[in-house]
Amino acid sequence: MNPLMNIGEAAKAAGVSAKMIRNYEQIGLLPPAERSDSGYRLYGLRDVSVLRFIRQSRRLGFSMEQIAELIGMWGDDARSSREVKAVAQRHLDELEEKMREITEMKNALERMVKACRGDDHADCAILENLAVDSPAAPVHDARVIKTRRKDTERADGDPKKTSAGPGSHIDLMAWMRGVTTAHD
């Protein structure tokens with residue numbers, strides 16, 4: 001007999017969250033759960049096996065599309081191991097390319113950090129390197145900052161409790177408007 005579990009029990013048995021189970025059902029990686037008379041989701045051992053398969057695949061960095069493909073192959077006795085290996089090899093190739101890119105980024109950033117004096121002077125090798133081939137630095141306009149602060153303050157005037165604090169998307173957009181104006 002296949003014992004049925006509620007979503008919490010299935011999540012614990014598979015090592016995933018209940019939220020992820022609902023997400024996997026929604027995107028079609030997991031078939032819709034059976035429902036109890038009162039409407040609660042019910043899962044069997046097969047569902048838990050699929051959830052564990054998904055968890056392992058995610059740990060290896062497979063995309064949702066790749067996982068769907070692998071699940072399809074897992075349940076297909078007519079598939080060849082060559083097909084499965086091809087999916088894994090493509091993923092491995094993608095990971096190796098990402099690792100090369102990350103290594104290049106890390107090396108470039110290490111060179112910039114090493115070249116920066118990191119003192120009280122305005123000269124900064126990091127900004128100079130990032131601005132290579134840029135025609136000019138942006139114009140700093142105090143009016144943009146004042147406008148931004150006014151727009152992001154809450155009604156009670158407490159800027160600490162706003163969702164658009166320093167470093168937010170609004171800050172970047174205000175800065176970009178200043179860059180666009182400076183280059184026009």
Side-chain angles (χ1 to χ4, degrees), residues 1-109 147-177:
M1 180 173 175
N2 188 9
L4 295 177
M5 298 170 254
N6 66 33
I7 196 167
E9 294 166 333
K12 185 175 181 181
V16 298
S17 68
K19 181 179 180 179
M20 290 311 300
I21 292 175
R22 287 188 290 273
N23 180 56
Y24 296 150
E25 282 183 23
Q26 183 179 8
I27 64 175
L29 283 181
L30 189 66
E34 292 182 39
R35 297 286 182 150
S36 68
D37 292 337
S38 56
Y40 290 105
R41 289 177 166 93
L42 298 173
Y43 300 91
L45 295 176
R46 182 192 175 287
D47 299 314
V48 171
S49 292
V50 171
L51 290 167
R52 288 178 180 153
F53 186 97
I54 294 168
R55 184 192 74 217
Q56 271 302 108
S57 300
R58 290 298 298 150
R59 281 187 179 160
L60 293 173
F62 283 102
S63 69
M64 292 301 179
E65 294 80 17
Q66 291 168 325
I67 294 171
E69 187 176 3
L70 290 168
I71 289 172
M73 292 177 177
W74 185 32
D76 180 6
D77 292 336
R79 57 96 169 80
S80 68
S81 64
R82 180 181 303 111
E83 296 171 284
V84 179
K85 184 175 181 176
V87 172
Q89 185 64 54
R90 280 192 310 271
H91 181 55
L92 181 59
D93 293 344
E94 291 167 2
L95 289 175
E96 288 174 349
E97 179 59 27
K98 285 180 186 176
M99 287 175 61
R100 278 190 292 276
E101 291 172 1
I102 289 171
T103 299
E104 288 174 12
M105 286 187 282
K106 179 181 176 283
N107 291 341
L109 189 55
T147 303
R148 182 191 72 228
R149 287 185 184 147
K150 182 179 177 186
D151 291 344
T152 60
E153 285 183 3
R154 289 179 19 154
D156 64 6
D158 187 354
K160 294 179 197 168
K161 295 182 182 177
T162 63
S163 60
S168 72
H169 178 70
I170 293 171
D171 290 340
L172 179 60
M173 294 308 294
W175 182 80
M176 287 305 296
R177 282 192 300 274

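Side chains included, hydrogens not; waters and symmetry mates left out as well; all remaining heavy atoms used. This chain uses plain numbering: 1 for the first residue, then up along the sequence.
Rounded to the nearest 0.5 Å, atoms CD (E96) and NE2 (H91) are 10.5 Å apart. From L51, atom CG reaches atom CZ of R46 across 10.0 Å, with rounding to the nearest 0.5 Å. Note that the CE atom of M64 and the CG atom of N23 stand 6.0 Å from one another [nearest 0.5 Å]. The CZ atom of R22 sits 11.0 Å away from atom CE of M20, with the distance rounded to the nearest 0.5 Å. Atom OG of S63 sits about 7.5 Å away from atom CZ of R58, to the nearest 0.5 Å. Distance check, rounded to the nearest 0.5 Å: CD of E9 to CZ of R41 gives 15.0 Å.
Of the possible donor and acceptor atoms, one in the side chain of R79 sits under 3.5 Å from a partner among the backbone N and O of M73. A donor-acceptor pair is defined here as one N or O able to donate and one able to accept, closer than 3.5 Å; such a pair exists between the side chain of R55 and the backbone of A14. Side-chain atoms of Q56 never come within 3.5 Å of backbone atoms of F53 as a donor-acceptor pair (strictly under, hydrogens ignored).
Between A11 and A18 the shortest heavy-atom distance is CB-N, 3.7 Å. Residue M5 comes nearest to A13 through the heavy atom pair SD-CB, 4.3 Å, listed as atom of the first residue, atom of the second, then distance. E25 approaches P31 most closely through the heavy-atom pair CG-O, 3.8 Å. The two residues A33 and L42 come nearest to each other via the heavy atoms CB-O, 3.6 Å. Closest heavy-atom contact between Y24 and I54: CZ-CG2, 3.4 Å. In this structure, L60 and L95 approach most closely via the heavy-atom pair O-CD1, 4.1 Å.
Within 6.0 Å of the CE atom in M99, the count of heavy atoms belonging to other residues, nucleotides or ligands does not exceed 12. In E34, the CD atom is not crowded: 12 or fewer heavy atoms of neighbouring residues, nucleotides or ligands sit closer than 6.0 Å.
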For this session: Show your reasoning for whether side chain to side chain contact (heavy atoms under 4.5 Å, CB included) applies to S57 and W74.
Result: CA-CA 12 Å; S57 300; W74 185 32; over 6 Å; no
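When each of V48, I7, D47 is checked for a side-chain contact (heavy atoms from CB on, under 4.5 Å) with I21, only I7 meets the rule.
In summary, E97 and R100 engage in a salt bridge, as defined by a charged side-chain N under 4.0 Å from a carboxylate O.
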